[in-house]
Amino acid sequence: MIDELEHVILVDPDDQPLGTERKIEAHVEGKLHRAFSVLIHDGNGRMLLQQRAPEKYHSGGLWTNACCGHPRPGEATIDAARRRLIEEMGIDCPLVPLHALTYRADVGNGLIEHEVVHLFVGHWHGAVAADPSEVSDYAWKALNETRVEARDQPERFTAWFRVYLDRQDTDWFAA
């Protein structure tokens with residue numbers, strides 16, 4: 001399920017905007033575009049994971065970070081991250097920018113994620129109200145436990161989340 005009219009922001013390797021493209025076309029052609037991912041922790045060493053709904057246009061049923069997405073043209077990346085966190089997980093909390101990284105991955109269904117992704121971290125210890133059209137399940141897990149699971153069973157996790165888990169320089173619990 002993808003909105004055929006939704007657009008992403010195409011960028012150069014330095015994350016400078018080049019224009020916009022329909023989201024589906026950018027993913028079919030593997031064009032570099034701006035994205036974000038939100039990492040949420042509970043203050044007790046656990047992070048919030050979501051299992052993507054099986055109906056998602058790619059990576060359905062896989063485990064990943066709290067939420068991710070693309071800023072709309074004209075929308076600040078941090079505002080988009082907060083919007084999607086509310087939409088997907090029913091959480092509204094302050095987010096702290098960590099850093100950006102670039103990755104490229106075949107995500108199935110003839111689609112390629114090629115993104116400059118901005119990572120944000122937030123702290124939450126309240127209720128989660130996940131949207132069932134976006135999320136089929138969620139769990140709070142220790143970072144090291146998640147890293148071990150992703151290493152031993154990579155097919156259960158999204159390509160981008162495995163990239164984040166492999167990085168040792170990310171302060172997952174900065175907020």
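Positions are given from 1, in the same order as the sequence printed here.
- Note: W63 CH2 to R162 CZ = 16.0 Å, rounded to the nearest 0.5 Å.
- With sequence neighbours left out, the salt bridge (charged side-chain N to carboxylate O under 4.0 Å, His left out) criterion links R83 to E75, E87.
- Counting heavy atoms from C-beta outward, L49 and F161 have side chains that approach closer than 4.5 Å.
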List the steps, then state whether side-chain contact (heavy atoms from CB on, under 4.5 Å) holds for S59 with W160.
CA-CA 10 Å; S59 306; W160 59 90; 3.7 Å; yes
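- L39 and I86 are not part of a single hydrophobic cluster, where members link through side-chain heavy atoms under 4.5 Å apart.
- By the criterion of side-chain heavy atoms lying less than 4.5 angstrom apart, applied directly or through intervening Ile, Leu, Val, Met, Phe, Trp or Tyr residues, V121 is grouped together with L143 in one hydrophobic cluster.
- For the atom pair D131 CG and E88 CD, the distance stands at 8.0 Å (nearest 0.5 Å).
- Transitive grouping of hydrophobic side chains (ILVMFWY, heavy atoms separated by less than 4.5 Å) brings L165 and V107 into a common cluster.
- Of the listed residues (R34, H7, H33), just one forms a side-chain hydrogen bond (donor to acceptor under 3.5 Å, both in side chains) with H70, and that residue is H33.
- The minimum heavy-atom distance between C67 and A81, with the atom names listed, is SG-O, 4.1 Å.
- Ion pairing of E134 with R84 is present here, as a side-chain N (NZ or NE/NH1/NH2) and a carboxylate O approach within less than 4.0 Å.
- The heavy-atom pair separating A100 from V116 by the smallest distance is CB-CG1, 4.2 Å.
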Could you walk me through whether R156 and E149 pass the side-chain contact (heavy atoms from CB on, under 4.5 Å) check?
CA-CA 9 Å; R156 294 184 60 221; E149 284 183 34; 3.5 Å; yes
Begin from the C-alpha positions of V117 and L101 and carry the test side-chain contact (heavy atoms from CB on, under 4.5 Å) through to its verdict.
CA-CA 5 Å; V117 61; L101 59 92; 3.6 Å; yes
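- Contact record, F120 with T77: CE1-CG2, 3.9 Å, taken as the closest heavy-atom pair.
- A continuous path of Ile, Leu, Val, Met, Phe, Trp and Tyr side chains, each step under 4.5 Å between heavy atoms, connects F36 with W124, placing both in one hydrophobic cluster.
- Residues I91 and A127 approach most closely at CG1-O, 4.3 Å, considering heavy atoms.
- When R52, Q50, K56 are each tested for a side chain to side chain contact (heavy atoms under 4.5 Å, CB included) with V135, only one passes: Q50.
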Decide yes or no on side-chain contact (heavy atoms from CB on, under 4.5 Å) for Y138 and Q51, but give the supporting numbers first.
CA-CA 6 Å; Y138 69 91; Q51 186 177 32; over 6 Å; no
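- Counting heavy atoms from C-beta on, the side chains of H27 and E115 come closer than 4.5 Å.
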In sequence, state the C-alpha distance, the side-chain angles, and the governing distance for H118 and D15, and then conclude on side chain to side chain donor-acceptor pair (under 3.5 Å).
CA-CA 10 Å; H118 296 256; D15 196 33; 2.8 Å; yes
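- The shortest side-chain heavy-atom distance between L119 and P97 does not fall under the 4.5 Å cut-off.
- The residues R72 and E6 are annotated as not salt-bridged, no charged nitrogen and carboxylate oxygen being separated by less than 4.0 angstrom.
- Considering only residues two or more places apart in sequence or on other chains, D137 meets the salt bridge (charged side-chain N to carboxylate O under 4.0 Å, His left out) condition with none of them.
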Can you check side chain to side chain donor-acceptor pair (under 3.5 Å) on E113 and H58, steps first, answer last?
CA-CA 10 Å; E113 287 281 16; H58 71 74; 2.9 Å; yes
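- Nearest heavy-atom pair, C93 versus I40, reported as atom, atom and distance to 0.1 Å: SG-CD1, 3.8 Å.
- Nearest heavy-atom pair across I112 and V28 is CD1-O, 4.4 Å.
- Annotation: the span from L10 atom CG to L32 atom CG amounts to 8.0 Å, rounded to 0.5 Å.
- Cluster membership check: I24 does not share its hydrophobic cluster with I9, using side-chain heavy-atom separations under 4.5 Å among Ile, Leu, Val, Met, Phe, Trp and Tyr.
- Looking only at distances, a side-chain donor or acceptor of D106 sits under 3.5 Å from a matching main-chain atom of G108.
- For the atom pair CG (L48) and CZ (R46), the distance works out to 9.5 Å, reported to the nearest 0.5 Å.
- Checked against S37 for a side chain to side chain contact (heavy atoms under 4.5 Å, CB included), the options L98, N65, T64 give a single hit: N65.
- In this structure, V148 and E145 have side chains that are not in contact, with every pair of non-hydrogen atoms separated by 4.5 Å or more.
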